[in-house]
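Step one of this worksheet: look at the structure below.
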Amino acid sequence: MTLAAEWRREEMREKLRNYYEAYCESIREEAERLRPKQMPQPTEELFAIFENTGNRLTYEAVYFQRRKFLAIFGLKTILDGEEQDIAKLEEVLEEICGEECWALPAHVNREKDRDWRIYVDLFAAETGQTLAEILSLLEGKISERVAGMIRREVRRRVLDPFCRSKAPYGIWEYNRSNWCAVCGGSVGSAAIYLMQEEPERLGTVLKRICYSLQQYYLEGFAEDGTCLEGLGYFTYGMTYFAGFAEQLYRFTEGKADLFQGEKLARIAAFQAKCYFDSGRTVSFADGFCADTFRPGLTCYLAMRYPEAGIPPMECAAGINDDTCYRWMGLYRNLIWTRRYLELWGAESVPDAAAYPKMGICVLPDAQWVICHSRNGAGMAAKGGNNGEPHNHNDVGSFFYLNGEDVLLTDLGCGEYTGDYFSDRRYGYLCCRSLGHNVPLVDGGEQLSGEAYGCDLFEAGEEGRIVIGFAGAYGNPALQSLTRRLDWNQEDGTLQVEDVFTLSRELQSLRENLVTVWKPEIQDNEIRIQGEKKGCLITIQGKPAEIACIRQDFSDHDGIRRDVWLLQWEVYLPGESGTGSACFSVKAL
């Protein structure tokens, strides 16, 4: 190992140690802040808000604040074991066990299901796993009265409904998404903790969970390891998959190991590929441009696979970054980060512990390309289709950033409402193609569904990406539409050329770019200035009449954000023929 590589390893080790110490301290600080407070109550009026308006945030704010009490005092008790923490934790455990329903209003139907109180959704499953694990970790410290309540409620609300059901349970057991891993991993984990006195019944549960995780959850990843749902959903699902997988491995004394196969190595390496040097992240699908990673999960993956790098530690999630306060990840931030540091001290950590910085990363099966430059600019583009998990109609789209400023934007995840996951999903700007950097054809946008997608995708390390995506529009007059993106790794300049062939006359073909920064337009140039850095877009060819259209959208936290659409008409050749439109993006 070179001196520079050894220095980077030691720097990463020190950052991880500092993170771990700060994480422990933040648990103690949050416990002191919450100790005198009462948990908010999940009333019937709050529960009904979603049914009446489609708003999820109001009830969920109360629900997840209650899970915060559960996580903080569970972690504080495990860290310090003080009597006052145990007493407070028992109060919280009783409160959680006494809730009318562990599932969210968005996931139950009170009109059609009279047993709606007992439904294993993401959060009922997570709650059951949390209670079962806390009980196991603090065995003998929690009173038998509260312990009995936990056993009874986890069985009644989670384990018994699953065991009584025929596969698949609900929408998740045979689903190629994060639901499969979160619900399945939680049910499996709780079963190992609470059903060991029923080995035959437990064996049936574990066999069923392993089948769904291996045949459905892992199959939901592209062969190159990409999570098409987005980076955040990689973290969510993989946390529960890994948590259950390790518990199962230990329970079976190594006989059952879900972390087998080359594909899992590629999946483990996916996370680090989504980070730019500035800490910004790929926001395709329902993702975020400023996502964070869980050091616990990351350390566990790095212990299993050298390919799994650690992203910039500045992007490591703290105790309050998961606003749902999911126990599985928060607790493993403690134990897996600590274990990784202990292994590092024993010099048994893989050499590939540092974040792998790449010039151009091609994910050919997902049809993603992620590009870096020497001056801190970056770009990502995608092909794919419009029937992907957590889909946005974004075939052929790209985004552009300079440092921390995302200047041509992929808006990522919007506010989750009743309509967001319905047939009205594509009324949301962040989901429809109008909210992405793709053209409008005869004023029309891309259509949703797997049939509407990319018909050509070529990319290599030299920096040229070619995407054919006429099929995403379903317009018979558009015979072909090919986007050529040329990336300069030295200075971060991006050249974009859209070449189209018409079989008959179009009324209009209009370029459409999206930014969250108010632009300045002069002649054929658009200057976008972010908080620190900017870019210059130059439209080549004839003078363009550039329209700047202000829109807004509601982000995942329900905050309204300004968005500007930059549009201009492309010269058309007439009834048929071939034409093109070109523009460049230069870092400033």
Side-chain angles (χ1 to χ4, degrees), residues 228-232 280-291 368 379-401 405-417 419-449 452-454 467 469 472-475 481 483 496 498 508-519 526 528 530 535 537 546-568 583 585:
L228 296 174
E229 297 180 281
L231 177 60
R280 291 294 182 242
T281 48
V282 175
S283 55
F284 294 146
D286 277 338
F288 302 91
C289 67
D291 212 339
W368 290 16
M379 186 275 293
K382 73 179 295 291
N385 66 71
N386 287 334
E388 296 171 347
H390 283 265
N391 181 68
H392 291 198
N393 287 344
D394 60 355
V395 178
S397 186
F398 71 95
F399 65 84
Y400 183 93
L401 58 89
D405 293 317
V406 183
L407 302 166
L408 289 176
T409 313
D410 181 293
L411 297 172
C413 188
E415 178 185 352
Y416 286 0
T417 66
D419 287 344
Y420 195 85
F421 292 104
S422 74
D423 57 6
R424 292 182 286 275
R425 178 180 181 85
Y426 299 103
Y428 289 83
L429 181 65
C430 59
C431 297
R432 61 193 290 191
S433 65
L434 183 67
H436 294 84
N437 297 302
V438 293
L440 302 171
V441 180
D442 269 347
E445 301 178 42
Q446 293 184 11
L447 303 179
S448 60
Y452 301 100
C454 179
I467 304 172
F469 60 117
Y473 292 87
N475 188 318
L481 175 58
R483 171 162 280 180
V496 182
D498 289 336
S508 167
L509 196 149
R510 195 167 176 83
E511 289 289 3
N512 178 66
L513 301 178
V514 182
T515 182
V516 296
W517 306 96
K518 189 174 181 179
I526 305 166
I528 300 174
C535 72
I537 302 166
I546 303 168
C548 182
I549 305 166
R550 182 189 169 278
Q551 300 264 301
D552 61 16
F553 92 110
S554 189
D555 71 12
H556 191 58
D557 295 322
I559 299 170
R560 303 299 291 183
R561 304 287 187 187
D562 286 335
V563 179
W564 283 269
L565 307 181
L566 299 162
Q567 297 181 356
W568 65 94
F583 60 93
V585 187

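Hydrogens, waters and symmetry mates play no part in the numbers below; they use all other heavy atoms, side chains included. Since we're looking at a predicted model, the values are computed, not measured.
- Taking all atoms of both residues into account, the shortest heavy-atom contact from F399 to V282 is CZ-CA, 3.9 Å.
- Across all non-hydrogen atoms, the minimal contact from H436 to N393 is ND1-O, 3.9 Å.
- Put simply, the side chain of D552 never gets that close to the backbone of R560: no donor and acceptor are under 3.5 Å apart.
- Here the closest heavy-atom approach between residue L407 and residue G530 is recorded as CD2-N, 3.7 Å.
- Under a 3.5 Å cut-off, the side chain of S433 and the backbone N or O of L440 do not form any donor-acceptor pair.
- Between the T515 side chain and the L408 main chain, no donor and acceptor come within less than 3.5 Å of each other.
- Between Q446 and Y452 the shortest side-chain heavy-atom distance does not fall below 4.5 Å.
- The shortest side-chain heavy-atom distance between Y420 and C430 falls under the 4.5 Å cut-off.
- Looking only at distances, a side-chain donor or acceptor of H556 sits under 3.5 Å from a matching main-chain atom of G414.
- Ionic pairing of K382 and D394 is present here: one or more N-O contacts between side-chain nitrogen and carboxylate oxygen are shorter than 4.0 angstrom.
- Between the CD atom in E388 and the CG atom in L228 there is a gap of 5.0 Å [rounded to 0.5 Å].
- Here the SG-CG distance, from C431 to D419, works out to 11.0 Å after rounding to the nearest 0.5 Å.
- Heavy-atom minimum distance, P519 versus L566: CG-CD2, 3.6 Å.
- N385 contributes a side-chain N or O that, together with a main-chain N or O of G387, makes up a donor-acceptor pair within less than 3.5 Å.
- When every heavy atom of F469 is checked against every heavy atom of R483, the shortest pair comes out as CE2-CB, 3.6 Å.
- The main-chain N or O of V514 is found under 3.5 Å from a side-chain atom of N437 such that the two form a donor-acceptor pair.
- Looking only at distances, a side-chain donor or acceptor of R425 sits under 3.5 Å from a matching main-chain atom of N391.
- In this structure, S283 contributes its side chain and D410 its backbone to a donor-acceptor pair below 3.5 Å.
- Side-chain contact between Y426 and L447 is absent, with no heavy atoms from C-beta onward closer than 4.5 Å.
- In summary, the aromatic rings of F421 and Y416 are positioned with their centroids under 6.0 Å apart.
- With L513 as the partner, the side-chain contact (heavy atoms from CB on, under 4.5 Å) test is satisfied by one option alone out of V438, V585, I537, L565: I537.
- Minimum heavy-atom separation, H392 to G412: CE1-O, 3.0 Å.
- How far NZ of K518 is from CD1 of I528: 13.5 Å, rounded to the nearest 0.5 Å.
- A donor-acceptor pair is defined here as one N or O able to donate and one able to accept, closer than 3.5 Å; no such pair exists between the side chain of R510 and the backbone of W568.
- Residues T417 and Y428 have side chains in contact (heavy-atom distance under 4.5 Å, counting atoms from C-beta outward).
- Annotation: side chain of F284 is not in contact with side chain of S397 (no heavy-atom distance under 4.5 Å).
- Here CD of E415 is found 10.0 Å from CD1 of I559. Values are rounded to the nearest 0.5 Å.
- Side-chain atoms of W517 do not come within 3.5 Å of backbone N or O of W564 as any donor-acceptor pair.
- Residues Q567 and L434 are in side-chain contact: their nearest non-hydrogen atoms beyond the backbone lie under 4.5 Å apart.
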Worksheet item: Stepwise, does the side chain to side chain contact (heavy atoms under 4.5 Å, CB included) test hold for V516 with R561?
Response: CA-CA 8 Å; V516 296; R561 304 287 187 187; 5.8 Å; no
